[in-house]
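Everything numeric here is computed off the predicted structure, so don't read it as measured data.
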Amino acid sequence: MSTISLQQSVIKEVASLFDNEDALRKVLTFVRKVKRTGKAESQELTPAEKKEVMDDLREAFRELKLVKEGKLELSTWEDFKHELHR
C-alpha cells in the first residue's frame with residue numbers, strides 16, 4: 001500500500017467516527033501515545049504498550065457498539081473540536 005493510500009485509509013476510517021465523540025477521544029488518545037513514544041513503523045511496541053493499545057481499542061469499539069444500540073449518547077462536534085485544542 002502506498003503512503004498516500006495509507007493516509008487516505010486512515011482519514012476515511014477516522015472520518016467514519018465523526019459522529020461518535022467517545023470513539024474519537026479514544027482515537028485521539030491512541031494517536032497522541034504513538035506520537036509521544038516516537039515509535040517508528042519498524043520498531044516493536046513493548047508488551048505493556050501493546051496491551052494498552054488493545055485495551056483502548058476494545059473500549060472504543062465497546063462504546064461504539066453502545067452508541068449503535070442507543071445505550072450511550074454522543075457528544076457534539078463542538079465538544080470534540082474543543083478537546084482537540086487542549
Chi angles and distances behind the salt bridge (charged side-chain N to carboxylate O under 4.0 Å, His left out) call for Lys26, Asp22
CA-CA 6 Å; Lys26 296 293 181 181; Asp22 292 326; over 6 Å; no

Decide yes or no for Asp56 and Glu52: does some side-chain heavy atom of the first lie under 4.5 Å from some side-chain heavy atom of the second?
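With C-beta onward as the side chain, the pair touches.
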
Glu69, CD atom: more than 12 neighbouring heavy atoms under 6.0 Å:
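Yes.
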
Starting at NZ of Lys51, measure out to CG of Asp55 and round the result to the nearest 0.5 Å.
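With rounding to 0.5 Å, NZ (Lys51) is 3.5 Å from CG (Asp55).
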
Rounded to the nearest 0.5 Å, how far apart are CZ of Phe61 and CG of Asn20?
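The distance works out to 10.5 Å.
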
What is the minimum heavy-atom distance between Val53 and Phe30, and which atoms define it?
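Shortest heavy-atom contact: CG1-CE1, 3.2 Å.
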
Positive for side chain to side chain contact (heavy atoms under 4.5 Å, CB included) with Lys68, one of Leu64, Leu72, Leu66
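By the side chain to side chain contact (heavy atoms under 4.5 Å, CB included) criterion, Lys68 pairs with just one of Leu64, Leu72, Leu66: Leu64.
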
